[in-house]
Amino acid sequence: MTTPDPHTLAVHAGRHDLTALGVHAAPIDLSSTSPLPDVEAGGDAYEQLAGGGRPGEGQSHVYQRLWNPTVARFEDALAELEHTDEAVAFASGMAAVSATLLACVAAGKPHVVAVRPLYGGTDHLLGTGMLGTEVTWATPEEVAGAITDRTGLVVCESPGNPTLDLVDLAAVVEAAGEAPVLVDNTFATPILQNPADLGVDLVLHSLTKAIGGHGDLLGGAVACSSEWATRLRQVRAVTGGLLAPQVAYLAHRGLQTLAVRVETATRTAQEVAAWLDGHEAVAEVLYPGLATGEDAEIVARQMRGPGSMLAFRLQGGYEAASRTASATQMIVHAVSLGGVDTLVQHPAALTHRPVPADARPAADVLRLSVGLESASDIIADLEQSLAQTA
Ligand SMILES: *Cc1c(COP(=O)(O)O)cnc(C)c1O
């Protein structure tokens with residue numbers, strides 16, 4: 001049974017065999033090694049899995065770095081939600097980014113065209129070139145002209161971290177031509193946006209954020225074609241940036257409530273954004289739900305809702321931003337996002353600190369990840385903390 005409805009998918013994806021197995025919750029397989037039937041069959045399985053293949057029916061999994069059924073179950077669920085053939089999960093979002101870059105370098109295509117803003121860690125990794133990549137920073141309009149025959153990847157985020165910039169994903173796919181496109185879909189989640197439907201090759205998630213959803217795990221994943229999944233599993237088998245099975249279980253459980261969490265937090269974020277927009281201490285609210293003109297058209301075309309992330313600029317500049325972040329009482333002053341509780345942080349000082357000064361978010365910007373508390377309590381806390389800046 002397949003259904004395109006994300007609510008139903010979120011609950012049932014990756015669980016279609018549970019009734020036949022006679023269980024209701026997904027089993028967790030913790031085996032670090034697996035019995036081998038004989039030397040020859042074991043060797044064949046090793047070769048197949050270390051090359052990035054999936055195990056055949058009844059074949060040994062050999063070793064957890066090569067294959068784990070609990071991780072694979074989560075991967076299959078995420079692939080269903082992202083409308084891709086497969087997905088490959090990693091120890092963190094940055095391990096997923098690293099594996100993708102290494103796959104490009106290994107294929108002799110080390111050139112990356114990247115559209116800012118990106119998550120600070122991704123920007124940092126590309127900027128250092130420490131994995132052997134060479135980056136060309138481009139606006140969406142500059143992507144086509146930046147592609148060379150050595151380009152292995154075009155990278156962008158929409159909405160972008162931290163200022164919620166919107167990128168027309170179909171236009172980037174067209175501009176990239178033959179070059180594969182990776183979209184970091186962490187902010188939108190598969191509930192609000194499916195980049196693969198627009199021709200995007202690689203859809204990346206930090207599971208640490210909305211998919212885990214409770215601020216208690218680190219993980220990453222790439223949803224993609226079977227061909228890409230094979231390449232990424234090969235990199236994962238060789239370099240070892242694995243998602244642990246216990247964490248895969250939690251991420252898979254997180255998917256079951258993802259739709260209701262995202263939709264509730266989105267409704268609240270719309271209220272909070274509108275309230276901030278009318279506040280005298282706030283210079284500007286950056287939120288897809290308040291987008292106008294071409295940006296509003298992008299939101300309408302490629303998203304099913306504006307999401308739970310927003311940023312806002314303070315009239316009082318850095319001083320006011322820093323005082324507001326420190327003055328919240330219920331809202332937690334912390335990096336990360338997409339969890340059940342509302343978090344606020346100062347991107348220029350924290351998540352985007354490694355970004356070169358000319359590309360760093362402005363010092364008057366705060367990023368807010370809206371959680372599941374009531375809009376009125378979130379607004380009351382923002383009101384008292386903004387009052388400290390007057
Ligand atoms: C957090 C984040 C990452 C990195 O994920 P980790 O799980 O922290 O390694 C990548 N992209 C975006 C958009 C993020 O918010």
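Numbers here are sequence positions counted from 1.
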For [X] against [Y], the heavy-atom pair lying closest together:
X: Gly42; Y: Leu36; answer: CA-CD2, 3.9 Å
X: Pro354; Y: Leu350; answer: CD-O, 4.3 Å
X: Ala223; Y: Glu82; answer: CB-CB, 3.8 Å
X: Cys156; Y: Val115; answer: CB-CB, 3.8 Å
X: Cys104; Y: Leu153; answer: SG-CB, 4.0 Å
X: Ala311; Y: Val365; answer: CB-CG1, 4.0 Å

(message) Between His205 and Thr186, is there a side-chain donor-acceptor contact under 3.5 Å, judged purely by atom types and distance?
(response)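 Result is no, nothing qualifies.
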(message) Quiz question: by atom type and distance under 3.5 Å, do the side chains of His12 and Glu80 form a donor-acceptor pair?
(response)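 No, no side-chain donor-acceptor pair sits under 3.5 Å.
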Compare all side-chain heavy atoms of [X] with those of [Y] and state whether any distance is below 4.5 angstrom.
X: Ser225; Y: Asp201; value: no
X: Asp123; Y: Arg116; value: yes
X: Ile298; Y: Val167; value: no
X: Met309; Y: Leu164; value: yes
X: Leu78; Y: His252; value: no
X: Gln48; Y: Gln59; value: yes
X: Val272; Y: Ile379; value: yes
X: Pro159; Y: Asp165; value: no

Sidechain-backbone polar pair: [X] side chain, [Y] backbone, donor-acceptor under 3.5 Å:
X: Thr148; Y: Arg150; answer: yes
X: Glu157; Y: Asn161; answer: yes
X: Arg65; Y: Ala237; answer: yes
X: Lys209; Y: Gly215; answer: no
X: Gln345; Y: Val332; answer: no
X: Thr266; Y: Val262; answer: yes
X: Thr128; Y: Met130; answer: yes
X: Thr189; Y: Ile191; answer: yes
X: Glu142; Y: Thr139; answer: yes
X: Asn185; Y: Gln193; answer: yes

According to ring-ring contact (aromatic ring centres under 6.0 Å, His included), does anything in [range] pair up with another residue at least two apart or in another chain? List the pairs.
range: residues 316-372; answer: Tyr318-His346
range: residues 161-201; answer: none
range: residues 113-150; answer: none

(message) What I want to find out is whether Arg73 reaches Asp17 closely enough, with some N-O distance under 4.0 Å, to be called a salt bridge.
(response)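 Yes, this pair counts.
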(message) Any salt bridge linking Arg231 with Glu86? Criterion: basic side-chain nitrogen under 4.0 Å from a carboxylate oxygen.
(response)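 Looking at Glu86 together with Arg231, the answer is no, because their closest N to O distance does not fall below 4.0 Å.
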(message) Applying salt bridge (charged side-chain N to carboxylate O under 4.0 Å, His left out), can you list everything that pairs with Arg301, at least two apart in sequence or on another chain?
(response)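 Residues passing salt bridge (charged side-chain N to carboxylate O under 4.0 Å, His left out) with Arg301: Asp168.
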(message) Among residues at least two apart in sequence or on other chains, which ones pass salt bridge (charged side-chain N to carboxylate O under 4.0 Å, His left out) with Arg313?
(response)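 Glu284, Asp364.
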As an exercise, state the distance from [atom1] of [X] to [atom2] of [Y], rounded to the nearest 0.5 Å.
X: Ser206; Y: Leu337; atom1: OG; atom2: CG; answer: 7.0 Å
X: Leu66; Y: Ser60; atom1: CG; atom2: OG; answer: 9.0 Å
X: Ile28; Y: Leu250; atom1: CD1; atom2: CG; answer: 7.5 Å
X: Ser322; Y: Leu314; atom1: OG; atom2: CG; answer: 9.5 Å
X: Arg253; Y: Leu217; atom1: CZ; atom2: CG; answer: 10.0 Å
X: Leu182; Y: Cys224; atom1: CG; atom2: SG; answer: 9.5 Å

(message) Who clusters with Val11? Use side-chain heavy atoms, under 4.5 angstrom, across I, L, V, M, F, W and Y, and order the result by chain and number.
(response)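 Members other than Val11 - counting any ILVMFWY side chain reachable under 4.5 Å - there are none.
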(request) If you link ILVMFWY side chains whenever their heavy atoms are less than 4.5 Å apart, which other residues fall into the same cluster as Val23? By chain and number, please. (result)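 Members other than Val23 - counting any ILVMFWY side chain reachable under 4.5 Å - are Leu18, Leu21.
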(message) More than 12 heavy atoms of other residues, nucleotides or ligands under 6.0 Å from CZ of Arg304: yes or no?
(response)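 Yes, because the 6.0 Å sphere around CZ of Arg304 holds more than 12 heavy atoms from other groups.
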(request) May I ask you to check whether over 12 heavy atoms, not counting those of Glu134, lie within 6.0 Å of atom CD? (result)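 Yes.
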Any chain of hydrophobic side-chain contacts (each under 4.5 Å) joining [X] to [Y]?
X: Leu366; Y: Val282; answer: yes
X: Leu232; Y: Leu131; answer: yes
X: Leu118; Y: Val183; answer: no
X: Val235; Y: Val155; answer: yes

(request) Show the numbers, then the answer: is there a salt bridge (charged side-chain N to carboxylate O under 4.0 Å, His left out) between Arg233 and Glu227? (result) CA-CA 10 Å; Arg233 276 194 298 263; Glu227 189 196 330; over 6 Å; no
Output all residues satisfying side chain to side chain contact (heavy atoms under 4.5 Å, CB included) with [X], sequence neighbours left out; order by chain, then residue number.
X: Ala273; value: Val285, Tyr287, Leu290, Leu310
X: Ala248; value: Thr70, Val71, Phe74, Leu243
X: Val340; value: His214, Arg261, Leu372

(message) Listing request: all side-chain hydrogen bond (donor to acceptor under 3.5 Å, both in side chains) pairs with a residue in residues 372-390, at least two apart in sequence or in separate chains.
(response)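 For residues 372-390: Thr342-Glu373, Ser374-Ser376, Ser374-Asp377, Asp381-Gln384, Gln384-Gln388.
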(request) Kindly state each residue pair satisfying side-chain hydrogen bond (donor to acceptor under 3.5 Å, both in side chains) with at least one member in residues 21-39, sequence neighbours excluded. (result)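 Every side-chain hydrogen bond (donor to acceptor under 3.5 Å, both in side chains) pair that includes a residue of residues 21-39, provided the two are not neighbours, is Asp29-Ser31.
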